Amino acid sequence: MAGTGLFAEILDGEVYKYYADGEWKTSSSGKSVAIINPATRKTQYKVQACTQEEVNAVMELAKSAQKSWAKTPLWKRAELLHKAAAILKDNKAPMAESLVKEIAKPAKDSVTEVVRSGDLISYCAEEGVRILGEGKFLLSDSFPGNDRTKYCLTSKIPLGVVLAIPPFNYPVNLAVSKIAPALIAGNSLVLKPPTQGAVSCLHMVHCFHLAGFPKGLISCITGKGSEIGDFLTMHPAVNCISFTGGDTGISISKKAGMIPLQMELGGKDACIVLEDADLDLVASNIIKGGFSYSGQRCTAVKVVLVMESVADEVVEKVKAKVAKLTVGPPEENSDITAVVSESSANFIEGLVMDAKEKGATFCQEYKREGNLIWPLLLDNVRPDMRIAWEEPFGPVVPVLRINSIEEGINHCNASNFGLQGCVFTKDINKAILISDAMETGTVQINSAPARGPDHFPFQGLKDSGIGSQGVTNSINLMTKVKTTVINLPTPSYSMG
Ligand code: G3H
């Protein structure tokens, strides 16, 4: 059970503590932030409302801990990460339980998130050992006008303090996707979890604590974004920000200093369906892509662009599968669970009502109870409807019927977002041409969009973000190249 056994020390009465200087602490603010269970709409947990002074303190600790961590052998950093991964996987139950309670993720998917996170940490440790253990050696005489008098040695060095801000939908997995690369590369790490997802994150941080990382190297600050959000992201001690979330990321990137940023800010992933596609495969991928975790994934299928000639058949097949989706509590592994908050449910409803007023065809009756919204397929959506462009982040999938491939590509490219997209066809040549024409960071051929496996590069174009994720790209983003040049008094050619 969350906050008990191995995890008892992270809880103070009914409020979870924050983590700094290798210890679990209670904030001097004397205040807490309530975490509302999306399904029951009652307070489930409470976390510390940390102060700006506490942020300053963890930043100072992070700066000094990083200096000795950078001198820790790479194999040892990797060893500690492997240890943390094992502890995390051995103790998945309390983390999975808190994911169920604070973000209404179905129970099985919650376990998967924790296991996937342990695997990600281990993979990152191994990849770090490989890519950080190598540098380059350059010779000067390959550039015109130079003799061989200069030997250039390059290696990768840490940036300093990395600030990690994961989103509510993958609080554990998208936290470790930032923490593990930062640590293997020799950085220290300050984590600001989302409010909903904070308790899962605190349990995950305790696994790193139990693994024995040095004091001050990892901190986890909880609290209200309105009080410590800007203070954290504009803090002079921060040398890199890795953020996943909504358009808050755009304002963070405008305010942040001259530091590397890794931002993943959502998408409006298009699913283009051609006449020759395997329509059963299309239907199952629209279901998986559009409705898993109730559509609350940045990589969810958020608009289907289907050729008119096969649209009726696709809609019928998807409708039949929607009818089989279960709706209810996350504890019972329902396919569709409550969306994260009331404001989120209201936003989704606003998009649905706009589509209704403008004449979309409702394939199911619209139904909502509290934060629980029944899965909805909207056919005959037109470009003048908000749902054609905005991301619902809920279990609603719009279908736009198209008459040419160009119409589909143009709709996809007219979006402000450019995260992923997918195309269904049996003609690989057409698929490649469409993939090249789509202005998105990734295009999946014959499958729904997805970030994983977690070592694949993952990036968005336009408002979907900056920088690239995936294990290798994250390690590279969290390092800088350092060169040392050896200058010889006379040219020297080996075997010369
Ligand atoms: O919500 C954003 C996540 O990066 C999506 O990850 O494709 O594994 O669901 P996923």
Side-chain angles (χ1 to χ4, degrees), residues 2-3 7 9-38 43-63 95 98-99 101-103 161-172 174-176 178-179 182 188-206 208-209 216-238 240-249 251-252 255-256 340-341 343-344:
F7 297 91
E9 65 175 297
I10 76 172
L11 189 59
D12 177 15
E14 56 168 13
V15 186
Y16 279 88
K17 299 180 195 166
Y18 77 100
Y19 185 67
D21 203 14
E23 286 170 24
W24 290 98
K25 300 185 181 216
T26 301
S27 170
S28 61
S29 71
K31 290 188 207 149
S32 63
V33 180
I35 299 174
I36 310 295
N37 179 323
T43 297
Q44 182 74 44
Y45 302 121
K46 286 179 187 168
V47 291
Q48 305 292 325
C50 291
T51 64
Q52 295 187 351
E53 290 68 38
E54 283 155 351
V55 170
N56 281 334
V58 301
M59 290 298 175
E60 279 313 307
L61 290 162
K63 275 201 300 190
M95 263 163 283
S98 20
L99 288 169
K101 301 289 182 201
E102 56 185 345
I103 62 164
V161 179
V162 174
L163 173 64
I165 310 181
F168 81 83
N169 61 347
Y170 284 95
V172 174
L174 281 169
V176 304
K178 304 171 192 313
I179 296 171
S188 56
L189 193 287
V190 176
L191 174 66
K192 165 64 180 76
T195 297
Q196 274 169 283
V199 170
S200 325
C201 272
L202 292 167
H203 282 78
M204 174 271 295
V205 168
H206 194 52
F208 282 83
H209 168 78
L217 188 71
I218 306 168
S219 318
C220 185
I221 283 277
T222 53
K224 288 204 168 117
S226 54
E227 278 167 31
I228 54 167
D230 277 356
F231 193 73
L232 273 163
T233 54
M234 293 166 74
H235 202 286
V238 171
C240 172
I241 302 176
S242 178
F243 173 92
T244 307
D247 51 16
T248 315
S251 60
I252 292 177
K255 290 183 211 159
V340 72
S341 64
S343 63
S344 182

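Note that the coordinates shown come from a computational prediction; the quantities given were computed from them, not determined experimentally.
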Other residues, nucleotides, ligands: >12 heavy atoms within 6.0 Å of Lys46 NZ
no
CZ of Phe243 to CG of Leu174, rounded to nearest 0.5 Å, is 11.0 Å
Heavy atoms of Cys50 and Ile228 approach each other most closely as O-CG2, 3.5 Å
| said: Is any side-chain heavy atom of Cys220 closer than 4.5 Å to one of Tyr18? | reply: no
ask   = Does the separation of the ring centres of His206 and Tyr19 fall below 6.0 angstrom?
value = no
Nearest heavy-atom approach of Val47 to Ile35 is CG1-CD1, 3.8 Å
For a side-chain contact (heavy atoms from CB on, under 4.5 Å) check, start with the C-alpha distance between Met204 and Ile179, then their side-chain angles and the critical distance, and finish with the verdict. CA-CA 11 Å; Met204 174 271 295; Ile179 296 171; 3.8 Å; yes
Practice item. Using modelled atom types only, decide if a donor and an acceptor are shared between the side chain of His209 and the backbone of Val205 within a distance under 3.5 Å. Key: no
- Query: Does Ser219 use its side chain to pair, donor to acceptor, with the backbone of Ala20 at less than 3.5 Å?
  - Reply: no
| task | Return yes when atom CG of Asp247 has more than 12 non-hydrogen atoms of other residues, nucleotides or ligands closer than 6.0 Å, and no otherwise. | result | no
Heavy atoms of Lys255 and Met234 approach each other most closely as CD-SD, 3.8 Å
Distance col, row Phe168:CZ vs Ser200:OG, nearest 0.5 angstrom, shows 12.5 Å
Minimal heavy-atom distance between Pro193 and Thr222, with the atoms involved, is CG-CG2, 4.1 Å
Taken to the nearest 0.5 Å, the spacing of Phe208 CZ from Leu189 CG works out to 8.0 Å
* To do: Could you check if a side-chain atom of Pro194 sits within less than 4.5 angstrom of a side-chain atom of Pro171, using non-hydrogen atoms only?
  => yes
*Chi angles and distances behind the side-chain contact (heavy atoms from CB on, under 4.5 Å) call for Ile165, Thr244*: CA-CA 6 Å; Ile165 310 181; Thr244 307; over 6 Å; no
- Query: Can any side-chain N or O of Glu54 pair as donor or acceptor with the backbone N or O of Thr51 at less than 3.5 Å?
  - Reply: yes
**Study point:** Heavy-atom side-chain proximity of Thr26 to Val15 below 4.5 angstrom
**Key:** no
Side chains of Leu163 and Lys178: closer than 4.5 Å at any heavy-atom pair? no
Non-hydrogen side-chain atoms of His203 and Ile10 separated by less than 4.5 Å
yes
Interatomic distance, CG@Leu191 vs CD1@Ile218, rounded to 0.5 Å, equals 9.5 Å
Rounded to the nearest 0.5 angstrom, the CD-CD1 distance for Gln52 and Ile221 is 11.0 Å
*asked:* Is any side-chain heavy atom of Gln44 closer than 4.5 Å to one of Lys101?
replied: yes
Worksheet entry | Thr233 side chain to Gly229 backbone, donor-acceptor under 3.5 Å | yes
Open item on the list: Determine whether a donor-acceptor pair (N or O, by modelled atom type, separation under 3.5 Å) exists between the side chain of Glu102 and the backbone of Val199.
Closed with: yes
query: Does one side chain, of Gln196 or Ser341, offer a donor that lies under 3.5 Å from an acceptor on the other?
result: no
query: Are His235 and Val161 side-chain neighbours, meaning at least one heavy-atom pair lies under 4.5 Å?
result: no
Side-chain contact test, heavy atoms from C-beta onward, threshold under 4.5 Å: evaluate it for Met59 versus Val238 and give yes or no.
yes
For Val33, is there any backbone N or O sitting under 3.5 Å from a side-chain donor or acceptor partner on Lys224? no
On a heavy-atom basis, the closest approach of Ser27 and Ala49 is OG-O, 3.1 Å
- Task: Assess whether atom NZ of Lys31 is packed by more than 12 heavy atoms of other residues, nucleotides or ligands within 6.0 Å.
- Result: no
dist Gln48:CD -> Ser29:OG (nearest 0.5 Å) comes out at 6.5 Å
